[in-house]
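Right, one structure below, let's go through it.
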Amino acid sequence: MNIVIVESPSKAKTINKYLGPDYEVLASFGHVRDLPAKNGSVDPDANFQMIWEVDPKAASRLNDIAKALKGADKLILATDPDREGEAISWHVLEVLKEKRAIKDHKIERVVFNAITKQAVTEAMKNPRQIDGALVDAYMARRALDYLVGFTLSPVLWRKLPGARSAGRVQSVALRLVCDRELEIEKFIPREYWSLVTTLATPRGESFEARLIGADGKKIQRLDIGTGEEAEDFRKAIEAAKFEVTTVEAKPARRNPQAPFTTSTLQQEASRKLGFAPAHTMRIAQRLYEGIDIGGETTGLITYMRTDGVQIDGSAITQAREVIGEDYGKQYVPGVARQYSTKAKNAQEAHEAIRPTDLSRRPASLRGRLDTDQAKLYELIWVRTIASQMESAEMERTTVDISAKAGARVLELRATGQVVKFDGFLAVYQEGKDDDTDDEDSRRLPAMSEGETLKKENLAVTQHFTEPPPRFSEASLVKRMEELSIGRPSTYASILQVLKDRGYVRLEKKRLYGEDKGRVVVAFLENFFARYVEYDFTAALEENLDRISNNEISWQQVLRDFWTDFIGAVNEIKDLRVTQVLDALDDMLGPHIYAPREDGGDPRQCPTCGTGKLNLKAGKFGAFVGCSNYPECRYTRPLAADSGASADRILGKDPLTDRDVAVKAGRFGPYIQLGDVKDYAEGEKPKRAGIPKDTSPSDVELDLALKLLSLPREVGKHPETGEPITAGLGRFGPFVRHEKTYASLEAGDEVFDIGLNRAVTLIAEKILKGPSGRKFGADPGKPLGEHPTLGGVAVKGGRYGAYVTAGGVNATIPSDKTQETITLEEAIALIDERAAKGGGKPKRGAKKAVAKKTPAKKAAAKSADIDAKPVKKAAAKKKVAKKAVKKIAAKPKAEGAAASAARAPVTAKTSPAKKTAKPAAKKSAGKNG
């Protein structure tokens, strides 16, 4: 017997079918051990010795592997073909050696780039040993990440309250986002004007031409800087006569892009499909592991963590065949295309991401894949096919036109492009991160030199230069790859960590640096500048790749890094928090404190007028506050000039005639009614939070007044007579009755939810209890009556389905299901279980009666006290049921939708009611 180890159970199941009875394929479920999350797991003083700890969840799986080896001859390690896969194989082997499960077994390492029968069987014929250099590179990378995280993060916690963590690559990626924020804040718009003339040929065909020169001088994009200059040119063009001076047509070829790497797949899936990188990788993993096709599970794409762009020769041949069949022979190039990677540190899995079988068209899989899987598979398929298609042939035309106005001669130019042969563009065109108007893509009418033209229109437009755009997830991944920061396989997790830590936020597909993240970057640039430099990080990545090529010792790389790094950490340990904040305040000052229009001190407190604004740190991160605290409580976020933090008057409240404004606060933007001076002494202005999914810049007066009206009274509870209110809280909109809060569901509106719907939500919450599960045991599906034990029901339990009657539970065999088991079969199982002594004691069994001692009486009293909360919950449950019954008893004339939403919600909600409920929620909420 041969034991094969892979990562996932789905992969194991598929490969087991390929290999036959002489092989047993077991899954490790990913990594089986890691460095413990505590100090001392990597010891720099002991040549970076590492302490590995087996994951408790993996322990039983490793035991199963060890048991399976007892009757086996060979252990085959078949984990993924990259550095992480090599590390998993090494960890599994090391643990098995520690368990002494390895005797005289032959150890082999095999790798395959696709989960297909051909790829797997071919890999089994070409085994090798574990690659020690790849394992060393993994250990160096893991040790570096551990040492940076466990050394730097505690410094952050102590010196910057509210900061979460810092990582070796994570911090550099964060710097990219925050540096872009600084560029945007520093950016000074520049005015410029454009003049675009619409001209017509003698045949009446129109096109546009742009002013590019005047009086013998070239005019660049930004050269016309004022309206006066533009007006001068407008007058000349209006009076001019137009003539074609030159027509130049040049042929051009456009070649297809290479097949996908991990990075380019993430970028295109983000641009074209709107997928986050992490989501893209989850779907790609599923496509790699495969689906059932014709009774056999087959991987649909090759391994998805790679920076190689070349593909297998057999795949190229098949691609050319498919192109000929689907698009015609003219789309097949004379010579097959070969691609090579430009990245100097490209490694890991060697082949690009492609379908395992290109004859498997996307249309043939639509019924077998979910929507996102189908979209991603189609994207990979068309990119691969396009990469082997003929180039597109273009003709680029440039027409120069003279505009003579008296003694002045102005020059205009029109450009256009004609596709002569679409080639690969018939299938695929790569997306762009920023939508820009491409004048070259316009088609021009036929013209000849000396031809006169007629002016139809003249557009004189004012423009302002714009700052560089914020990064999208796609463009950030692209920039990280260009700078050689991190590895493509880690980009998705890096972006997810930055979002989870609250260092960046994703809004309208753009990444915004949050205050918390910007302060962390400023801290690192101020005190650990070297370690967030792009060149330093790229150089370190290069050294890690040199380790994998067996060119350098992994301990030497760690020693070189650690000596300087721990020195920088020790230098800052003695600094007080105030010293750190003062340094950051100076560094961020020009961007935190924008110049005032009146020329006054930008650090002057706008509330008290005497205090000085400075940087402070709180539980939720950094903010700007007044030096006169606590007498003056003025606070705001860091970015004073952002739309989220600038005070903005929306209008007047019609009831009080007070200003309604969006203001900036320490914990984010909010709405305020009036000012302090509008209220009596000791009275605070009314405030309301802004919902998380609403941008402060989108808030108008109507919405602000609605938010200020919260919390509002919905009505009185039909049972208790106490008010039910609706409001917005930390976790979103809710309704409240006494001490019970219930979140609103999809379709419910906090501003107009009705009483009946609110009572239903409150009742559901009470019935579910604090754990979110309904009170009482699951009654299960009734099957009938047992001859002696009463009602028989089938239930779904923690360990699988079972049947029960009279307290006797019996597990349903694997060949039966909850839906198919009959009453007769259930009775037989219950009787068999009862005969073996299973179940509860019979109700008639006598219990020994012991005289209560004083100690027992005290215990009984204590138990009665402990039972009070349970009794109270039961009472609330009773009230909730009564309230729901009252609602259900109301006349049917209120409408079918409202009745459906008001239907009693109990622990025995039928499938029909569950189906009807979501459709009626919105209507019920509004009709109330």
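Both backbone and side-chain heavy atoms feed into the values below; hydrogens, waters and symmetry mates do not. These numbers were taken from a predicted model, which means no experiment stands behind them.
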**Item:** By salt bridge (Lys or Arg N to Asp or Glu O under 4.0 Å) - contacts of Asp34 (at least two apart)
**Value:** Arg142
**Message:** Within the structure provided, determine whether Tyr670 and Leu707 are in side-chain contact (heavy-atom separation under 4.5 Å).
**Reply:** no
**Prompt:** Is there a side-chain contact between Pro733 and Leu710, using heavy atoms and a 4.5 Å cut-off?
**Reply:** no
**Euclidean distance, Leu673 CG relative to Leu650 CG, rounded to 0.5 Å** = 11.0 Å
**Message:** Could you work out, with side chain to side chain donor-acceptor pair (under 3.5 Å) as the rule, every residue matching Thr804, not counting sequence neighbours?
**Reply:** Asn809
**Prompt:** Mind checking what makes side chain to side chain donor-acceptor pair (under 3.5 Å) contact with Gln672, not counting sequence neighbours?
**Reply:** Arg687
**Request:** Measure from NZ or CZ of Arg658 to the centre of the six-membered ring of Tyr679, then state whether that distance is under 6.0 Å and the direction lies within 45° of the axis.
**Result:** yes
**Message:** Tell me every residue that passes side chain to side chain donor-acceptor pair (under 3.5 Å) with Asp55, counting only those two or more places apart in sequence or in another chain.
**Reply:** none
**Asked** Do Leu369 and Leu287 have side-chain heavy atoms sitting under 4.5 Å apart?
**Response** yes
**Request:** Would you please say whether a donor-acceptor pair under 3.5 Å links the side chains of Glu289 and Ser8?
**Result:** yes
**Asked** By ring-ring contact (aromatic ring centres under 6.0 Å, His included), which residues pair with Phe734, not counting sequence neighbours?
**Response** Tyr741
**Item:** Within-4.5 Å side-chain heavy-atom neighbours: Lys375 and Ile283
**Value:** no
**Item:** Ser270: partners by side-chain contact (heavy atoms from CB on, under 4.5 Å), with sequence neighbours left out
**Value:** Glu473, Ala474
**Prompt:** Applying the side chain to side chain contact (heavy atoms under 4.5 Å, CB included) test to Val750, which of Val735, Val714, Leu744 qualifies?
**Reply:** Leu744
